[in-house]
Amino acid sequence: MTYEQWTIVAILAAVMGGFVWGRWRYDVVALAGLVVAIGFGLVPASDAFAGFGHPATITVAAVLVISRGLA
């Protein structure tokens, strides 16, 4: 595996650890993982937030808002 692949694996492991640990909110952990990937140059800064416009992302966000409202 290359340096970039090992770095991505390490970032993903740290993010998964953050999710499991539960000390911080999941959105903060995910955003921190994205920022770290941008910092290492693994994700181009111009494309970093392109996924937020995808319909699946909007659907998941809507489900989270609706479930919080029902709770």
Side-chain angles (χ1 to χ4, degrees):
M1 289 177 58
T2 65
Y3 167 76
E4 289 85 9
Q5 291 171 333
W6 280 113
T7 307
I8 287 291
V9 168
I11 292 170
L12 288 175
V15 168
M16 291 303 294
F19 289 155
V20 171
W21 189 26
R23 180 167 171 90
W24 298 294
R25 294 183 352 212
Y26 62 89
D27 54 340
V28 174
V29 174
L31 185 63
L34 179 61
V35 168
V36 169
I38 293 169
F40 277 105
L42 301 170
V43 176
S46 60
D47 296 334
F49 298 103
F52 288 111
H54 193 275
T57 307
I58 296 170
T59 302
V60 170
V63 168
L64 290 172
V65 169
I66 290 170
S67 66
R68 178 62 109 176
L70 290 174

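Numbering of residues begins at 1 and proceeds along the displayed sequence.
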- Task: Please round to the nearest 0.5 Å and tell me the distance separating atom CG of Leu34 and atom CD1 of Ile38.
- Result: 4.0 Å

- Nearest-0.5 Å distance that lies between atom CH2 in Trp6 and atom CD1 in Ile11: 14.0 Å

- Task: For Met1 and Gln5, work out which heavy atoms get closest and say how close.
- Result: CA-OE1, 3.2 Å

- Provide the closest heavy-atom pair for Leu42 versus Thr7 in the form atom of the first, atom of the second, distance. CD1-CG2, 3.5 Å

- Just grab all the ring pair (Phe, Tyr, Trp, His ring centres under 6.0 Å) pairs involving residues 28-71, residues at least two apart or on different chains. Phe49-Phe52

- Message: Given Val60, which partner from the list Ile58, Val63, Leu64 fulfils the side chain to side chain contact (heavy atoms under 4.5 Å, CB included) test?
- Response: Leu64

Same cluster or not: [X] versus [Y], using hydrophobic residues (I, L, V, M, F, W, Y) connected whenever any side-chain heavy atoms lie under 4.5 Å apart?
X: Val9; Y: Tyr3; answer: no
X: Val36; Y: Leu12; answer: yes
X: Phe19; Y: Trp24; answer: yes
X: Val43; Y: Met16; answer: no
X: Tyr26; Y: Val15; answer: yes

